[in-house]
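One structure below.
No hydrogens, no waters, no symmetry mates; every other heavy atom, side chains included, goes into these values.
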Amino acid sequence: MEVTGFFTAIIIGLIIGALGRLVLPGKQNISIWLTLAIGVVAALIGTFLAAAIGVDDTRGVDWIELALQVGLAALGVSLVAGIRARR
């Protein structure tokens, strides 16, 4: 991953975190900052996974990579919300 790709993943990750939270049903009892941090991590992991399976550089919008990122963000938000609810 190039440096520009890393910074792009961080910026996109902020949006991905919000999307990951929106696709989950119900209310998640975590802060917006934690949601955004999860989104950044999900975007980075999703980018690496997309590169690993060879779908990271396609013509036009990288829909598979985006779906991986949003899915990982939703999973991360769900896990963190579940852990925090148990406390």
Side-chain angles (χ1 to χ4, degrees):
M1 174 185 263
E2 299 170 5
V3 174
T4 56
F6 181 75
F7 287 118
T8 302
I10 289 173
I11 293 168
I12 296 297
L14 298 175
I15 299 166
I16 295 294
L19 289 174
R21 189 171 181 158
L22 285 174
V23 299
L24 289 175
K27 184 178 187 289
Q28 295 80 38
N29 194 18
I30 62 174
S31 69
I32 190 66
W33 300 112
L34 186 55
T35 301
L36 296 177
I38 291 168
V40 169
V41 171
L44 292 172
I45 294 172
T47 299
F48 286 121
L49 284 176
I53 61 175
V55 295
D56 61 330
D57 191 22
T58 59
R59 290 173 41 187
V61 178
D62 297 328
W63 291 110
I64 298 171
E65 182 177 2
L66 183 62
L68 281 170
Q69 292 169 335
V70 172
L72 288 169
L75 178 67
V77 168
S78 177
L79 287 174
V80 171
I83 290 169
R84 290 184 61 121
R86 291 186 192 133
R87 287 187 180 180

Full working for side-chain contact (heavy atoms from CB on, under 4.5 Å) between Ile16 and Leu66:
CA-CA 8 Å; Ile16 295 294; Leu66 183 62; 3.4 Å; yes
Within one Ile-Leu-Val-Met-Phe-Trp-Tyr cluster: [X] and [Y], side-chain cutoff 4.5 Å:
X: Val41; Y: Ile32; result: no
X: Ile15; Y: Leu68; result: no
X: Val80; Y: Ile45; result: no
X: Leu44; Y: Ile53; result: no

What pair of heavy atoms forms the shortest contact from [X] to [Y], and how long is it?
X: Leu14; Y: Val40; value: CD2-CG2, 3.8 Å
X: Val23; Y: Ala74; value: CG2-CB, 3.6 Å
X: Ala73; Y: Gly39; value: CB-CA, 4.5 Å
X: Ala43; Y: Gln69; value: O-NE2, 3.1 Å

Kindly compute the distance separating CG (Asn29) from CG (Leu34), expressed to the nearest 0.5 Å.
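Reported to 0.5 Å precision, the distance equals 11.0 Å.
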Any chance CG of Leu19 has more than 12 other-residue heavy atoms, nucleotides or ligands included, within less than 6.0 Å?
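Yes, enclosed.
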Between Ile38 and Ile30, is a side-chain contact (heavy atoms from CB on, under 4.5 Å) present by the stated rule, with each step listed?
CA-CA 11 Å; Ile38 291 168; Ile30 62 174; 4.2 Å; yes
Flag the pair Ile12 / Thr47 as yes when at least one side-chain heavy-atom distance between them is below 4.5 Å, and no otherwise.
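Not touching, per the 4.5 Å side-chain cut-off.
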